[in-house]
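The structure appears right after this line, and notes come after that.
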Number of protein chains: 2
Amino acid sequence: MATIADVAREAGVSRSTASYALSGKRPISEEVRRRVLAAAEALAYTPNAGARALATAQTKVLGLLAQFHEDEFAPAMMQYILGVTNTARDLGYDTLLVTEADGVRALRRVTDSRMVDGVVLMNIAHDDARLPVLRAAPQPGALVGFPGDCSGLDVFDLDFEETGRVMVEHLHRLGHRELILVSHPEHVVERGGAYVWRLRDAALERARQLGVILHAAYGESRQPAVGRLLHHLLDTYPAATGLLINNEAAAAALPSVTYERGLRVPGDLSVIGRYSADFAATFSLPYSFVESAPDRLGAMAVRQLVRRVESQAARQEPFVVRFISPELVSRDSTAPPRPSRA
Amino acid sequence: MATIADVAREAGVSRSTASYALSGKRPISEEVRRRVLAAAEALAYTPNAGARALATAQTKVLGLLAQFHEDEFAPAMMQYILGVTNTARDLGYDTLLVTEADGVRALRRVTDSRMVDGVVLMNIAHDDARLPVLRAAPQPGALVGFPGDCSGLDVFDLDFEETGRVMVEHLHRLGHRELILVSHPEHVVERGGAYVWRLRDAALERARQLGVILHAAYGESRQPAVGRLLHHLLDTYPAATGLLINNEAAAAALPSVTYERGLRVPGDLSVIGRYSADFAATFSLPYSFVESAPDRLGAMAVRQLVRRVESQAARQEPFVVRFISPELVSRDSTAPPRPSRA
DNA sequence: CTGAAAGCGCTTACAG
DNA sequence: CTGAAAGCGCTTACAG
C-alpha cells in the first residue's frame, strides 16, 4: 500500500505538506493541493489506521459490549446493535463488537489497549461489575440500560416506570379493574435486569392508587414454557380483563394462546405490549404497544458518546440520564372490558 | 497509561528487554523476567494496540461485513454474528462489525486502512460486488455463503443442494408423492441469494427423478403476508401431503396456520424445515429440520481465516469451498401420507 | 505557504 | 543474556 511518503514523493512535496493538504488543517496553495490530491488518488492512498491512531491518540472506533445469555430471547438484540453501528458510522466511527462472556475482562482489554475512543455498554445489570471499570477508563462511556449507580456515565433507557404507569392508566381509563402483568423470567431479575422491576413496581403502585387489581408474574423466555405460562395465568385469574406484557417472548407467544382459548382481542381481553415496531412487524403482533425504540436508544448513546470523545468541553459537562418517554402505539387491542371474561 | 518505557524504567532494564520479557520471544534471565513482570503488573501495563499494530503489521482484529435489508427476517442473523465474534475471541481476535449499506465502500475502508487482519463476508450474493475488492485486498477473506465465483477466497456454506435432495428423499421414502416447497421471497433471489435456488433446483431435480410432484413457491419474509401465503398454497395444492420450508419466517408462521386449518402434523401434513436448533427453540417449532448451523459456519470461516492470517504457509494453500452436510434433526413431524389431505 | 524534525508506543534486527 | 537504535506510518508543533 502507498504511504504518505509515497504521495509526497509523487507530488514533489514534503510529507508534512502532503499530510496538511489532505487534512486541510493549514492553508495550502491551490497548485500544491491539486498535485497532492492527484497523487493520493493515483496511488489509491488510504492512511494507515494504526499509525494515525498512534499519532493522534484517536482510533475512530467505538466499542460495543453486549452480553448474550443462554436463557435469553435473542431476536430483540439485533436492533440495538444496528442502532449503534449505523449511528457510529454516520458520525465517522467503526464499531468493535465484543460479546465475550467475561465483560469486565473484555472492557479492560479494549480500553487499556486504546483500541476504542469510547464504549457503549448494553445489557446493563443493576449492580454491573463493568461500571467501575468503565468509570476508571480514560475513554468516555455510555449505557443503554439503567444501573443502580449512574455516576460518571451517560445513561439512556426507556422510561420503564412511566411505561408501567401508562399501561395501567390506559386500561383503567377504559374501565378495567383487574389486570395481569407478565414480566421477564425471574433469572433476568436475579441478574439485575432493572427494567423488569422498574416497570412492575411502578405499575403496581399506580394500580394500587387507582384501585386496580394487578397480578404481576414472572415470565419465561422460550417456547413452549412461555405459552404454558400464559395459559396458566389466564386460568388462574379468570376475572382479569387486561394483559400487560413486558417480555418479547411472551408477546410473540400470545397470538396462539388466545387463539387456542378462543379469546378475542380486545373483545374478551385487552392487551398492551412493550417492544419495538420492528419486532411487532416481524412477528405480526396485533397489539397496542409501548415502543421500546432500540435503534433510537442506540443512536442517542452513540451521539452523546461521540460528543464527549470529540470535544474537551463536552467532556466536562455533567453526566446525563436520559429516559425515552413511553409512546403508546395503538393497534386497537384495548377496549372496555366485558363484565366477566369467565 | 503506562508505556513499555515506564515498565522498563520501573524494572531497571531497557525497553527492548522489557518487551522481550513480556513476549517471551528471546531468553531472559529469571531474575529480570520477574522484575519486568512485576513492574508490568504494578503499573497495570497493557500494550497500546495502535503502536503494536504499526510495529507488527497485525491488528488482531477481524472485519465482519454484514448487510441488513429492510425486507429481511432479521432474527436469524444474530447467530451467525455470534459464531464469528466468539470464535474470533477464542483465537485472540476482536471483531469489527460493519453493517454499512454500501458494502464495497466499507470493505475498501477497513482493508485499505489496515484496520483488520482479515475479513469475513456474510449475506453473499451470487454476483457480489464486494468479492473483487476482497480478492484485491492484502488481507485474506472468508465467506459465509456461496457466490457464483469462489476464486481467491475460502467459502463456507450449508450444502443447500444436498439439503433439497435430503428433504425430498425423506418424504418420498415415506410414500409422499406431492409436495410443496416454500422458499424465501423472490426479491432475495433477485438480490442474488443463491441458497434459494440451489435448494429449490436440486429438490426439483430429485423430485423429477423420483416421480414426485413438487410445487416450488417463493415466500414472504414477514407476517401476516407469509401466513396468508401458506394458507394460499395449502388451498391451491390440496393433494400435497408434505411441506418443505426453506424460509425462517414461514417456519415461524406455520404453527398458527396449521392450527387455524385444523391440520395435524404429521397426521395430515408432513413438514421439514431448514433453520438452526437455536431458532427452533426460540420459536418452539415442532418440525423436523435440517440444521443450518450458523454458529458452526461462522466458526469455520473464522478458523480458516485466522490460519491464513497467521501462517505464511497456510496463505499459499489452495482456497477451499466447504459445505456443511445437511443433518436432518427429527422432531417426528413426518409420517406416511394420508390417502388425501383434502 | 512549505519543510525538517520530533514524537506517538511498540517490535525487532543488529551488536555485544 | 542484554542494550542502543531503527523503523512501522502517521501528525503536528517549530522554523523559516
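Since the structure is predicted, the reported quantities are computational estimates derived from the model, not experimental observations.
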Within the 4.0 Å heavy-atom criterion, would you say [X] contacts the bases, only the backbone, or no part of the nucleic acid?
X: B/S113; result: nothing
X: B/S19; result: base
X: A/P27; result: base
X: A/S16; result: base

Starting the side chain at C-beta, find the nucleotide from [options] nearest to [X].
X: B/L54; options: D/dC8, C/dT12, D/dC10; result: D/dC8
X: A/V32; options: C/dT2, C/dC10, D/dG9; result: C/dT2
X: A/T17; options: C/dG7, C/dG9, C/dG3; result: C/dG3
X: B/Y20; options: C/dT12, C/dC8, D/dC1; result: C/dT12
X: B/N48; options: C/dT2, C/dG9, D/dG9; result: C/dG9
X: A/K25; options: C/dG9, D/dT12, C/dC10; result: D/dT12

Any salt bridge between B/D94 and A/R109, counting N to O under 4.0 Å?
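Yes, this pair counts.
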
Verify, without hydrogens or angle tests, whether A/R135 (side chain) and A/L153 (backbone) share a donor-acceptor contact under 3.5 angstrom.
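Side chain of A/R135 to backbone of A/L153, a donor-acceptor pair under 3.5 Å: no, none is there.
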
Ignoring hydrogens and angles, tell me if any N or O in the side chain of A/R307 forms a donor-acceptor pair with the backbone of A/A314 under 3.5 Å.
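No.
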
Check the pair B/F323, B/F146 against ring pair (Phe, Tyr, Trp, His ring centres under 6.0 Å), reporting the backbone distance first and the verdict last.
CA-CA 9 Å; B/F323 289 124; B/F146 186 64; 5.2 Å; yes

Which is more 5' along DNA chain D, the nucleotide nearest B/R33 or the one nearest A/T56? Just name the residue.
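Per heavy-atom nearest nucleotide, the more 5' residue is B/R33.
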
On DNA chain D, nearest-nucleotide positions of B/R26 versus B/A51: which is more 5'?
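Here B/R26 is the residue nearer the 5' end.
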
Report the distance from atom [atom1] of [X] to atom [atom2] of [N], rounded to the nearest whole Å.
X: B/R114; N: C/dC10; atom1: CZ; atom2: P; value: 22 Å
X: A/Y45; N: D/dC10; atom1: OH; atom2: C1'; value: 7 Å
X: A/R15; N: C/dC1; atom1: CZ; atom2: C1'; value: 19 Å

Side chains of A/P140 and A/V309, heavy atoms from C-beta outward: is any pair under 4.5 Å?
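In contact.
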
Scan side-chain atoms only and decide if B/E310 and B/Y93 contain a donor-acceptor pair under the 3.5 Å cut-off.
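The answer is yes; a qualifying pair exists.
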
Within 6.0 Å of CZ in B/R105, more than 12 heavy atoms from elsewhere
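No, not enclosed.
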
Treat a base pair as Watson-Crick or G-U wobble with both distances under 3.5 Å, then lay out DNA chain D in dot-bracket form, 5' to 3', with | for cross-strand pairs.
|||.||||||||.|||

